[in-house]
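Right, one structure below, let's go through it.
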There are 2 protein chains.
Amino acid sequence: MQNQLCCQQCHFSQLCLPYSFELKEIEKLDDIIVRKNPYHRRQRLFEAGQPLHSLYAVRSGSFKSFILSEDGQEQITAFHLPGDVIGFDAIHNKTHPSFAEALETSMVCELPYSSLDELGEMFPKLRQQLSRTMSGMLCQNQEALMVLNKYTANERLSHFLASLGHRFGDRGFSPTSFRLSMTRSEIGNYLGLSIETVSRILTQLQKDGKISVEGKLINLLVPTLAD
Amino acid sequence: MQNQLCCQQCHFSQLCLPYSFELKEIEKLDDIIVRKNPYHRRQRLFEAGQPLHSLYAVRSGSFKSFILSEDGQEQITAFHLPGDVIGFDAIHNKTHPSFAEALETSMVCELPYSSLDELGEMFPKLRQQLSRTMSGMLCQNQEALMVLNKYTANERLSHFLASLGHRFGDRGFSPTSFRLSMTRSEIGNYLGLSIETVSRILTQLQKDGKISVEGKLINLLVPTLAD
DNA sequence: CGACATGTTGAGACACATCAAACTGAGTGG
DNA sequence: CCACTCAGTTTGATGTGTCTCAACATGTCG
């Protein structure tokens with residue numbers, strides 16, 4: 001498959017699974033990938049309880065992952081940008097424990113897990129990359145734990161914005177000027193803050209001259225938002 | 001290696017890597033495992049910044065994993081019981097991002113990562129088990145995120161004790177009566193609570209007749225500590 | 001037995017949640 | 001094109017869960 005949708009043409013391949021692959025390996029990976037129609041806001045890649053069929057690599061747009069508590073409360077566990085792979089948490093029980101939902105119109109590459117498993121048999125680099133990616137997610141989660149336990153509301157939000165900017169930068173976008181695809185409510189849910197606190201701190205950061213806010217448009221005005 | 005320390009004789013092998021292995025596979029795994037001398041309280045398996053040499057399976061006793069913030073604050077990210085494997089977060093950068101420290105006198109099995117990698121080449125089940133374990137840790141982290149974001153101090157501690165009891169039960173110990181190998185301070189650090197709050201809630205849970213506390217000895221008196 | 005870490009308990013402070021009300025903007029239908 | 005709606009956002013007033021500070025009790029280990 002040598003069309004415009006293949007991994008070689010994808011701007012985010014160096015962040016995604018093909019990282020450090022040889023040409024031949026990329027072509028093999030391309031063969032198993034299913035390109036899907038765009039997902040629209042609120043549409044789901046999968047729901048909790050569904051059996052694991054595929055992992056999904058974000059091609060454009062963004063997604064949120066979330067789990068539900070026993071009493072039905074939503075807890076957002078991650079926001080996914082292009083190049084991120086979604087669904088690793090389902091490998092454990094071969095069932096998705098979480099939901100994945102588009103935050104805006106988005107494209108994904110579907111990676112059937114059985115094909116990925118077979119391909120891993122042949123390509124050690126693919127196996128290593130899968131391990132590397134999951135391990136990296138563990139590191140992120142540890143960082144997130146510290147943010148929630150040790151940081152104030154202001155620090156959490158600053159860290160969130162800086163981290164988002166950094167991730168946009170990695171993807172070739174501006175690290176200081178971007179559009180939030182998630183609502184204030186979703187940010188608050190993720191950071192363990194009320195929606196009012198998110199709003200208040202956003203305006204306060206603006207008053208302090210650290211950022212400028214125009215609805216969903218964010219501008220980071222100081223290199224680090226710390227202190 | 002057919003001594004008393006081999007995986008076949010280990011009570012926790014069904015929770016550990018050999019889960020669902022054939023005899024031949026277990027023997028191969030046994031060959032690469034290094035049995036170490038006991039670690040004493042405060043001794044470390046590894047420190048942040050050290051290159052990844054090995055993963056470690058807890059054989060007896062318990063450990064904590066923690067990371068340090070830029071300003072040197074400790075954040076405990078997990079407590080490890082027998083059968084748990086420690087060090088997966090180091091695969092990402094081939095360097096440990098975290099510390100692992102014994103909470104009491106403990107034994108571990110050292111699993112040299114390069115040997116594990118080679119062995120994975122031959123045994124698909126080992127690869128799958130490694131993936132399954134890492135995926136399971138992702139699920140745990142998601143749960144932890146919800147506990148921190150949505151639960152009150154009382155609920156966090158109740159959930160912590162119930163979860164610990166459950167894990168002891170899985171290992172053939174009493175799920176309702178156990179000894180805490182970590183200090184109040186370490187519990188508070190992990191749950192994002194002050195040491196005073198941990199202490200207060202422990203005594204309050206006792207007054208409510210839900211648990212009995214005698215220093216580090218805990219008795220869970222109601223099946224679920226909820227509400 | 002003394003010394004030092006660990007744990008308990010109380011009083012006051014504060015960061016953030018909750019409640020309440022008004023504002024904005026995007027989409028819808030007349 | 002304008003009213004209408006409704007989700008999302010902002011801002012203010014008040015409440016509260018947990019932290020902090022402080023003093024004391026207990027346990028542990030040389």
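Chain A is the first sequence line, chain B the second, and so forth, proteins listed ahead of strands; every chain is numbered from 1.
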Given atom CD of B:Glu155 and atom C1' of D:dT18, what is their separation to the nearest angstrom? 14 Å
Rounded distance in Å - CG (A:Leu180) to P (D:dG8): 15 Å
What is the separation between atom CZ on A:Arg42 and atom P on D:dC6, rounded to the nearest whole Å? 15 Å
Using a strict cut-off of less than 4.0 Å between a Lys/Arg side-chain nitrogen and an Asp/Glu carboxylate oxygen, indicate whether B:Arg41 and B:Glu104 qualify as a salt bridge. no
To the nearest Å, how far apart are B:Glu214 CD and C:dT8 C1'? 16 Å
To the nearest angstrom, how far is B:Ile201 atom CD1 from D:dT18 atom P? 6 Å
Base D:dG12 paired with A:Arg200 side chain (donor-acceptor, <3.5 Å): yes
Heavy atoms, side chains only, cut-off 4.5 Å: are B:Tyr113 and B:Ile91 in contact? yes
Between P on D:dT11 and CZ on A:Arg184, what's the gap in Å once rounded to a whole number? 10 Å
Below the 4.0 Å mark, does C:dA17 have OP1 or OP2 next to a side-chain nitrogen or oxygen of A:Thr197? yes
Working to the nearest 0.5 angstrom, can you tell me the gap between A:Cys16 SG and A:Gln129 CD? 8.5 Å
Could you state the atom-to-atom distance from CD of A:Gln204 to P of D:dG12 in whole Å? 13 Å
By the 4.0 Å heavy-atom rule, please label A:Thr183 as base, sugar-phosphate, or nothing. sugar-phosphate
Using a cut-off of strictly less than 4.0 Å, decide whether A:Lys216 has a side-chain nitrogen or oxygen near OP1 or OP2 of C:dG25. no
Using a heavy-atom cut-off of 4.0 Å across all strands, would you classify B:Leu193 as base, sugar-phosphate, or nothing? sugar-phosphate
With heavy atoms under 4.0 Å as the rule, sort A:Gly192 into base, sugar-phosphate or nothing. sugar-phosphate
Which heavy atom of A:Met134 sits nearest to which heavy atom of B:Leu138, and what is that distance? CE-CD1, 4.2 Å
Under 3.5 Å donor-acceptor pair, A:Glu196 side-chain atoms to C:dC16 base atoms: no
Would one find a side-chain N or O of B:Ser185 under 4.0 angstrom from OP1 or OP2 of C:dT6? no
OP1, OP2 of C:dT9 versus side-chain N and O of B:Ser199: anything below 4.0 Å? no
Under 3.5 Å donor-acceptor, B:Asp84 side chain and B:Leu81 backbone: yes
Rounded to whole Å, please give me the gap between CD1 in B:Ile187 and P in D:dT18. 16 Å
